[in-house]
Every structure is written in structure tokens, then in C-alpha cells.
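All residue numbers in this chain count up from 1 along the given sequence. Note: hydrogens, waters and symmetry copies are ignored here, and every other heavy atom, side chains too, is used.
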Amino acid sequence: MMTLEQVPASRRVLVLDGLPGRWLRPGWDVVPQAEGGLDRRLAAAFATVAGPAPALLVGMDTPQLAARTLAEPLAPAGRAGVDAWFGPATDGGFWAFGLARPDARLAARLLVDVPMSTSTTGAALRARLAAEGLRVRELPELTDVDTPATADDVAALTPGSRFAATWRAARVESALVG
């Protein structure tokens, strides 16, 4: 959340399953997560923010994301001629997906029934974007932290980060307890 707060935005929305805790920082609108599979929940998130302002959905499992990664592509000059943004993940999925003009029906056409959490998820979404004739701006490829091995990889990429420090501490604690 802190990284995303460094990127200019007219609105910040957290789509959440459950209630926010003390960790929620000021300036975020919280909306409940929809029911259903991840494909339907993502489409519903875009329906929640439908309107003329661009919307970028960022997953919570890429702690190496830096604000500068999004600053240029989302700046007014970087948005010119762009219909969508796609941030590929190393596992074949995606860590970010955005629409320049979020629309509930378009989001459903793009996302519903895309098999999620597979090595072909990103390719399936890219194919749908192409079928819609959307001009897509690619974002850098990042690694989702889904396993201890990917957590090790991301911590090694960002050794001075809060994530890396927390991961190292968890590894030490696990070794002591184990």
C-alpha cells in the first residue's frame, strides 16, 4: 500500500475480503470483495471503479514493486493512446492489470472464465485484450511471491527492503522453532 501511495491517483481503492484493521492507512476507500472465483472478483473490482478515470489493479504479492515502475506508464503522457496496462509475472500470470476507461462489461469480457493462477493465465488475458483490439502498455515483468522459493528470490532482488528484512526474520524464527 505504501508504494502505491507514492503514485499519483485520484482515488485509491482496496478491494477486501473481510474488515480492514489498524493497518489500513488514511486515504483508501474500502469496498467488499465480490463472491466467486478470482476471475469474477477481479471483474467486479473494475465494475466498482467504472468511469472515465483509469484504474490499475495491483496484486498484493509483488513486494518488490517500486513507485517509479508505475510513475511513467501512468503519467498523462504515458497514458496517451493506451487502452490497458498489463504487468506480466514470471510464473505466467500477471501482477497488474489496468483499463484506461474501466467498464463493467469490458472487464467481464476480459476476465471472466480466464483460468487464474496457472502458467497460461497471462497469455489468456493477453489474447482477450488482442481480441478486443485494445492497445496495451506492457509493464515490467515481476515475480509473484507465492512460495518460499519466490520469497527468497524477491528478497535477494531487494535486500534492503522491508519485505527482505521481514522474510529474513521469519526464516531465522522458523529455523529456531524448527
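No donor-acceptor pair under 3.5 Å is formed between the side chain of Arg12 and the backbone N or O of Gly27. For the pair Arg128 (side chain) and Val112 (backbone), a donor-acceptor distance under 3.5 Å is present. Using modelled atom types, no side-chain atom of Thr62 and backbone atom of Asp144 make a donor-acceptor pair closer than 3.5 Å.
Interatomic distance, CZ of Arg101 versus CG of Leu134, reported as 8.5 Å (0.5 Å rounding). Within the model, atoms CZ of Arg171 and CZ of Arg168 stand 12.0 Å from one another, a figure rounded to the nearest 0.5 Å. For the atom pair CG of Leu111 and CG of Leu99, the computed distance is 7.5 Å after rounding to the nearest 0.5 Å. Note that OG1 of Thr158 is 12.5 Å distant from CH2 of Trp167, once rounded to the nearest 0.5 Å. In this structure, CG on Leu56 lies 12.0 Å from CZ on Phe86, to the nearest 0.5 angstrom. In this structure, Thr121 OG1 and Asp39 CG are separated by 10.0 Å, a value rounded to the nearest 0.5 Å.
In this structure, Pro159 and Ala164 approach most closely via the heavy-atom pair O-CB, 3.6 Å. Taking each heavy atom of Arg126 and Glu138 in turn, the nearest pair found is NH2-OE1, 2.8 Å. Taking all atoms of both residues into account, the shortest heavy-atom contact from Ser117 to Leu38 is OG-CD2, 4.5 Å. The minimum heavy-atom distance linking Arg79 with Leu74 is given by the pair NH1-O, 2.8 Å. Smallest separation of non-hydrogen atoms from Ala66 and Thr3: C-CG2, 3.7 Å. Across every non-hydrogen atom of Asp113 and Arg40, the tightest pair is OD1-NH2, 3.8 Å.
Under the 4.5 Å side-chain contact rule for hydrophobic residues, Val58 and Leu14 share a cluster. Using a 4.5 Å cut-off between side-chain heavy atoms of Ile, Leu, Val, Met, Phe, Trp and Tyr, with links allowed through other members, Val13 and Leu4 fall into different hydrophobic clusters. Hydrophobic cluster membership is shared by Val114 and Val136, with clusters built from Ile, Leu, Val, Met, Phe, Trp and Tyr side chains linked at under 4.5 angstrom. Linking Ile, Leu, Val, Met, Phe, Trp and Tyr residues whenever their side-chain heavy atoms come within less than 4.5 Å places Leu57 and Leu125 in a single cluster.
Here ring-ring contact (aromatic ring centres under 6.0 Å, His included) pairs that include residues 39-60, with residues two or more places apart or in two chains, are Phe46-Phe97.
Within the 4.5 Å cutoff, the side chain of Leu142 has heavy atoms near those of the Leu65 side chain. Side-chain atoms of Thr90 and Asp153, non-hydrogen and from C-beta on, never get closer than 4.5 Å to each other. Within the 4.5 Å cutoff, the side chain of Leu70 has no heavy atoms near those of the Gln6 side chain. A 4.5 Å side-chain heavy-atom check between Trp85 and Pro54 finds at least one atom pair inside the cut-off. Looking at heavy atoms from C-beta onward, Arg109 lies in side-chain contact with Leu106 at the 4.5 angstrom threshold. With contacts defined as side-chain heavy-atom distances shorter than 4.5 Å, the pair Trp28/Leu16 does not qualify. The shortest distance between side-chain heavy atoms of Gln64 and Thr143 falls below 4.5 Å. Residues Pro63 and Arg162 fail the side-chain proximity criterion, which asks for heavy atoms closer than 4.5 Å.
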(request) Tell me, with the steps shown, if Asp17 and Arg41 meet side chain to side chain contact (heavy atoms under 4.5 Å, CB included). (result) CA-CA 10 Å; Asp17 181 19; Arg41 289 179 292 171; 5.8 Å; no
(request) Please report the C-alpha distance between Val15 and Thr48 in whole Å, then the side-chain angles of each, then the deciding distance to 0.1 Å, and finally whether the side chain to side chain contact (heavy atoms under 4.5 Å, CB included) criterion is met. (result) CA-CA 9 Å; Val15 181; Thr48 299; 5.8 Å; no
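Asp83 and Arg137 are not joined by a salt bridge, as no carboxylate oxygen comes within less than 4.0 angstrom of a charged side-chain nitrogen.
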